[in-house]
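Notes to accompany the following structure.
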Amino acid sequence: MPKAKYAGMYDFTLPSIMIRDLELIKEIGIKHFDNFVDHKPLANPELDPLFAKNLFSLRGNKWREMRAILSPAFTSSKMKMMFELMSNCANEFADFVTTQRDTNIVEIRDAFSRYTNDIIATTAFGISINSMKERDNEFYKMGKDVTTFGFFNSMVFMIGQVNPKLTKSLKLRIINQRVSNFFEDIITSTIATTIAQKIERPDMLQLLIQAKESGKAADLTIQDMTAQAFIFFFRGFDTVSLAMCFTAYAIATNPEVQEKLQMEIDQVLKKSNGKITYDDLKEMQYLDAVFNETLRMYSPVAELNRECTKSVELPPATPGAKPCTVKPVTQIIIPVYGIHHDPQYFPEPDKFDPERFLDGSERMTPSAYLPFGIGPRICIGNRFAIMECKLVLFHLLKKYNFRPCEKTTVPMKFSTNSVLPGPVNGFWIKIESRK
């Protein structure tokens, strides 16, 4: 229905409306946000509290209260405080790659997930881990467990969408009790240590402790706090590492982009005497363009969703049609992947072209770029994730070249065995030292 602003469909058994008009998407995400506050429910709070009680899944006023508590954790001043820690992790990661010279052909998904694991362990849970050296550490194993959606987990998730009552009656859990207990134990221990030793940490856990102690959120439980740290971990472990993989893949398969990016990196290193700063990273326009183009072309999130909370009237879907009244519980679906690959917004959408994101370019429509969502429910940790990705790419590309190898999937062909996108045979690239 190329000329319709939206169309009706079903998401399993849920009546839904797929929105394709950019102005209407902005109205739903921003102007009429109060009518579309919530995401669709993903899990049962009694069976899967870590999934159901985190910021992404919270609904109505509970979401507003938690967002207000956590927002200060992601201000520019907090990002600057975390920058040095992240940069050290990224540099250590690049140094570790140097020591692994048995082969220069690498499956980078595993490596990047270990890097994000260590960043999140430090910034969200207050524990120091080196998953590249301690390859079987418990924290990393739990991360793999919780982010690997096998057949059983996928079926539980699907049944929960189709028939929540059946999920509850059968007591089907997405996350097993062992994993929940592991994360709750870590948060309990970290909070106890933080309070006893009066530690001040520039992170979300500190804000949650302060909110509880000040009475702003006196009813916060350990489980509530764990849920916030958990979603930070869950989203970062897989989605952020996936963005890194696709960026490395795009750079490896587009040598002219790599050459231009390395020129920018070399200029920054020369200007800053070999050590990058927070402001240096922010000013790197071409690195920013490369990462933005990666998220456009290989968005880890295929669609956004909103649930109607108050009735609202949408304009006619086509000229001459009648307006449509959207009633509560109706699902709104925003097809991010489809919009990102629509030639009317991004000419030659299947071409990796960072130039479209540089200042003055007319080859894109800004409102069509939605990798982190839109409006008040935009991803709260987007700046954290961007900084994390850019830093590791900076530290790797100052030392190495990325090249395709025999195992690299060129052109890209997506696997159908995973919820998240990825090549059919994994992210294999060749890493060579720069001369």
Side-chain angles (χ1 to χ4, degrees), residues 55-56 70 73-97 108-132 139-140 143 147 201-205 228-251 261 265 268 275-284 287-295 298-301 371-373 378-399 402 420 427:
L55 182 65
F56 182 83
L70 295 180
F74 300 98
T75 60
S76 293
S77 60
K78 289 292 195 301
M79 291 297 100
K80 282 187 177 182
M81 293 171 74
M82 292 185 196
F83 177 84
E84 199 66 32
L85 175 66
M86 274 195 201
S87 189
N88 289 339
C89 282
N91 206 19
E92 285 178 8
F93 178 79
D95 287 343
F96 181 83
V97 173
I108 55 175
R109 183 70 181 273
D110 175 74
F112 281 139
S113 66
R114 290 177 182 278
Y115 165 71
T116 55
N117 175 75
D118 295 355
I119 291 281
I120 296 163
T122 303
T123 55
F125 290 86
I127 58 177
S128 181
I129 295 172
N130 188 328
S131 296
M132 295 304 290
F139 202 88
Y140 180 77
T147 57
R201 294 157 40 82
D203 59 20
M204 63 164 63
L205 198 54
Q228 310 322 312
F230 172 78
I231 194 62
F232 194 46
F233 177 76
F234 182 78
R235 290 283 178 180
F237 188 95
D238 229 20
T239 313
V240 176
S241 63
L242 190 62
M244 293 175 191
C245 292
F246 274 120
T247 310
Y249 169 86
I251 291 169
L261 181 54
I265 289 170
V268 170
K275 187 174 181 181
I276 188 170
T277 67
Y278 175 80
D279 292 326
D280 289 333
L281 190 71
K282 283 195 71 175
E283 291 170 7
M284 293 183 68
L287 175 58
D288 190 59
V290 169
F291 190 62
N292 287 340
E293 176 69 345
T294 301
L295 292 184
Y298 304 112
S299 178
V301 178
F372 294 104
I378 195 169
C379 173
I380 192 173
N382 61 345
R383 287 197 292 180
F384 181 96
I386 291 169
M387 185 166 76
E388 186 183 358
C389 292
K390 287 181 178 179
L391 271 172
V392 76
L393 291 165
F394 179 94
H395 284 292
L396 284 170
L397 288 168
K398 75 181 183 183
K399 298 180 178 182
F402 297 159
L420 292 174
F427 286 97

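Just so you know, residue 1 is the first one in the sequence shown, and it goes up from there.
For F56 and F234, the gap between ring centers reaches or exceeds 6.0 Å. Close placement of the F246 and F427 rings is indicated, their centers lying within 6.0 Å of each other.
The shortest heavy-atom contact between C89 and Y115 is C-CE1, 3.9 Å. The nearest pair of heavy atoms linking P371 to S299 is CA-OG, 4.5 Å. The heavy-atom pair separating N117 from S131 by the smallest distance is ND2-OG, 2.7 Å.
A 6.0 Å sphere centred on NZ of K398 holds more than 12 heavy atoms belonging to other residues, nucleotides or ligands.
Between I108 and M244, the closest side-chain pair of non-hydrogen atoms is not below 4.5 Å. The side-chain heavy atoms of T277 and S87, taken from C-beta on, include no pair separated by under 4.5 Å. Within the 4.5 Å cutoff, side-chain heavy atoms of F402 are placed close to those of L396. The side-chain heavy atoms of I276 and H395, taken from C-beta on, include a pair separated by under 4.5 Å. Side-chain contact between T294 and Y249 is absent, with no heavy-atom pair separated by less than 4.5 Å.
For residues 232-250, the pairs satisfying salt bridge (Lys or Arg N to Asp or Glu O under 4.0 Å) are R109-D238, with sequence neighbours left out. Applying the salt bridge (Lys or Arg N to Asp or Glu O under 4.0 Å) test to pairs two or more places apart or on separate chains, those with a residue in residues 112-125 are D110-R114.
Checking each of T247, L261, V268 against L287 for a side chain to side chain contact (heavy atoms under 4.5 Å, CB included) leaves exactly one that passes, namely L261.
Taking OG1 of T239 as the reference point, atom CZ of F372 lies at 10.0 Å (rounded to 0.5 Å). Considering CG of N91 and CE of M86, their distance stands at 15.0 Å, rounded to 0.5 Å. Considering CZ of F394 and NZ of K399, their distance stands at 11.0 Å, rounded to 0.5 Å.
Donor-acceptor pairing under 3.5 Å is recorded for the side chains of S113 and Y140.
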Result block: side-chain N/O donor-acceptor pairs under 3.5 angstrom for residues 379-393, not counting sequence neighbours:
| residue | atom | partner | partner atom | Å |
| --- | --- | --- | --- | --- |
| R383 | NH1 | S76 | OG | 3.0 |
| R383 | NH2 | F74 | O | 2.7 |
| K390 | NZ | D288 | OD1 | 2.7 |

Before giving the answer on side chain to side chain contact (heavy atoms under 4.5 Å, CB included), spell out for L55 and F232 the whole-Å C-alpha distance, their side-chain angles and the decisive distance to 0.1 Å.
CA-CA 9 Å; L55 182 65; F232 194 46; over 6 Å; no
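Looking at D280 and K275, no side-chain N of the basic residue comes within less than 4.0 Å of a carboxylate O on the acidic one, giving no salt bridge.
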